[in-house]
Amino acid sequence: MILKLAVRNIIGNGWRSLVNVLILSIVLIGMVWMQGLFDGWSRTARRQMQEWEFGDGHYEHKDFDKYDSFTWDKSNSKIPAELQSLIEQGKAVPILISAGVIYPQGRLTPITIKGIPHDQEILEIPTEYLRVEDQTGIILPAVIGTRMARSTHLEEGDILTMRWKDIHGAYNAYDIQITKIMDTPVPPVDDSQVWVDFTHLNEAKALQNSATHIVLKDDSDIVKNEQDFRFITIDESMQGTDALIDVKRLSGNLLFALLLFLAMIAIFDTQILAIFKRRREIGTMIALGMTKRQIVKLFTIEGCLYSVFAAVATSILGLPLFIYFGVSGYKIPQEMSNLSIAGTAEPIKCYYSPSMLLSTFILVLLITALASWMPTYRIARMKATDALLGKV
Amino acid sequence: MTESLVKIRNLSKLYPTGGGGFLALSELDLDIPSGAFMGLVGPSGSGKTTLLNIIGTLDNQSGGEIEVLGHKVSTLDAKESAALRAEKIGFIFQSYNLLPVYTVYENVELPLLLLKMPKAQRHEAVMQALTWVGITDKRKSRPNQLSGGEGQRVSIARAMVKLPQLVLADEPTANLDTENSLNILDTMLQINKDTGTTFIFATHDQKVIDYMQRVVTLIDGKKAKDDLKTGS
């Protein structure tokens, strides 16, 4: 009954209701779009990082510190038997990491050398270009990314010198040839990275079948005897990227919190005005047999209904926008995609999960309910006889 | 003898003011039988509306006892008095107090919604009430599209739609011209005769007083006269 009366009141309020619904709807469209964009970004980044860097989780040497290249010579171990078995079955891929230097156009450039088997099929890195055709080993094939190529002015076919230090501390050098410049959407496998064959890097480092990382194709293949390695899930690997996306999300949320606040002020104002303008109406309802509690409920439901109508309006007005950005995606501007953030190199397709839609709607509904309920305390203070006379 | 619908004993109502309080009603005794068509008359400030509000359980007395439809008003909590009004008491106001965003039909339907009456029954009752007051053709209009007389007819229909035992009308003709006033009064008198509903008016309009079977005159909150017209 209360709901029916509330619907009648909202429809009867005409333009005032429509404006409130439209304002709320615009805020909802913005919130859903923005949340969808960040969720889509997170999903894209996760997929790309799985495809290019971490697979379905990876083992990392217990001493490895990605921020301290001076420790890298000691942060590798011979691959444990169980993991070696997975590698041989094509379920895992080892990566050996070393610090090094290259000299493109004679300029000293510190790099990260990564050794990966040329026949692996787990990561998207085009390792087939690492196959050493010239077994004399004079020139080692290498793959770099487009960003690395741009920053070092290297092109496919270029030959240059690469230096590194083996585990005994002896410096050595190879000539490497850029056999492929790969276009990867994941900056960490591109920036300052030179990919070479795993076996050859082991030889160059005076190591034998040692690895820093061992990437798994499927996280169900976690082994018991991992020895010097520890398993890092894809969620853990994503923490940095997720944190960065969350920072962006927070700044976006602040903007929409402000817009939501303004929308709530509009609803609060409407309800306050309604209570003043509708004093006689409230008195009449009491005379007709409504309790004050029912009237408070009526006004609160009226306010909440703005959210419900706004959700309907959002699904109608926002649908083309949601579909466009869900299918075509949003291309991050070039300046931003140059930052080392995964997921920005290709258009981000907004992802609207049911839980996100529901939580956004519930948030707006709760805030609307609060903004609608707060002014109603005046009703509880009203004397029916005063209300009938239009007094508060 | 007809049983009293409203029993008032030694009723008083004191409104607190800066100067110690204003006594709106004092030492009032009154019995109103079922089926009455009576008026509370008197000058402004004589306590007519205050008494009507107390009978309608919209206000509380300061002293004395009042029993309405078998319920002691002082013992009713807010929920019980709301239920009593919803089920058994109809109100007619001087300025009609129609809900502006509702149509005529919806205004008349409102008391039945509060009683949670099924839709089909509601429709029948609303149409019956609109027929009584002769305003079925305006059922889709909004209050701002009605004349004063039509507005008050809708107000009567809203009061009568639930077939209450008691209707309280506060200056129902104050905003109407003579012709409309007489039409409205004829309508209410006819309903009183047809349904046996008790009507209590608060008025100082002579046209209304002329229609009353019984006139209780209040002066300064006290009963000054109680005239029962014979043969009416």
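Heavy-atom distances place no part of B:Glu87 under 4.5 Å from chain A, backbone and side chain included. With a threshold of 4.5 angstrom between heavy atoms, B:Thr103 does not approach chain A through any atom at all. Residue contact with chain B, scored on non-hydrogen atoms closer than 4.5 Å, involves the backbone and the side chain of A:Leu5 alike.
Around the CZ atom of A:Phe261, the shell of radius 6.0 Å holds no more than 12 heavy atoms that belong to other residues, nucleotides or ligands. Heavy-atom contacts from other residues, nucleotides or ligands closer than 6.0 Å to CD of B:Glu124 number 12 or fewer. Annotation for A:Asp269: atom CG counts as buried by contact number, over 12 foreign heavy atoms lying within 6.0 Å. Within 6.0 Å of CZ on B:Arg142 lie more than 12 heavy atoms contributed by other residues, nucleotides or ligands. For A:Arg47, the CZ atom sits in a packed shell: over 12 heavy atoms of surrounding residues, nucleotides or ligands are nearer than 6.0 Å.
Here the CD1-OG1 distance, from A:Ile286 to B:Thr57, works out to 11.0 Å after rounding to the nearest 0.5 Å. Taking NZ of A:Lys4 as the reference point, atom CD of B:Glu109 lies at 5.5 Å (rounded to 0.5 Å).
Across B:Glu106, B:Lys79, B:Gln94, the residue that shares the most heavy-atom pairs under 4.5 angstrom with chain A is B:Glu106. Highest contact tally toward chain B, considering only A:Ile2, A:Ile11, A:Thr385, is held by A:Thr385 [criterion: heavy-atom pairs under 4.5 Å]. Top candidate by heavy-atom pairs under 4.5 Å with chain B, chosen from A:Glu281, A:Met290, A:Arg8, is A:Arg8.
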Query - side-chain contact (heavy atoms from CB on, under 4.5 Å) evaluation trace for A:Met285 with B:Leu114 - result: CA-CA 10 Å; A:Met285 285 174 174; B:Leu114 296 176; over 6 Å; no

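The closest side-chain heavy-atom distance from A:Arg278 to B:Leu99 is not below 4.5 Å.
For A:Thr291 against B:Ala82, the heavy-atom pair with the smallest separation is CG2-CB, 3.6 Å. When every heavy atom of B:Leu58 is checked against every heavy atom of A:Ala287, the shortest pair comes out as CD2-CA, 3.8 Å.
Between A:Thr284 and the choices B:Asn107, B:Leu98, B:Leu110, B:Asn97, the side chain to side chain contact (heavy atoms under 4.5 Å, CB included) rule is met once, by B:Asn97.
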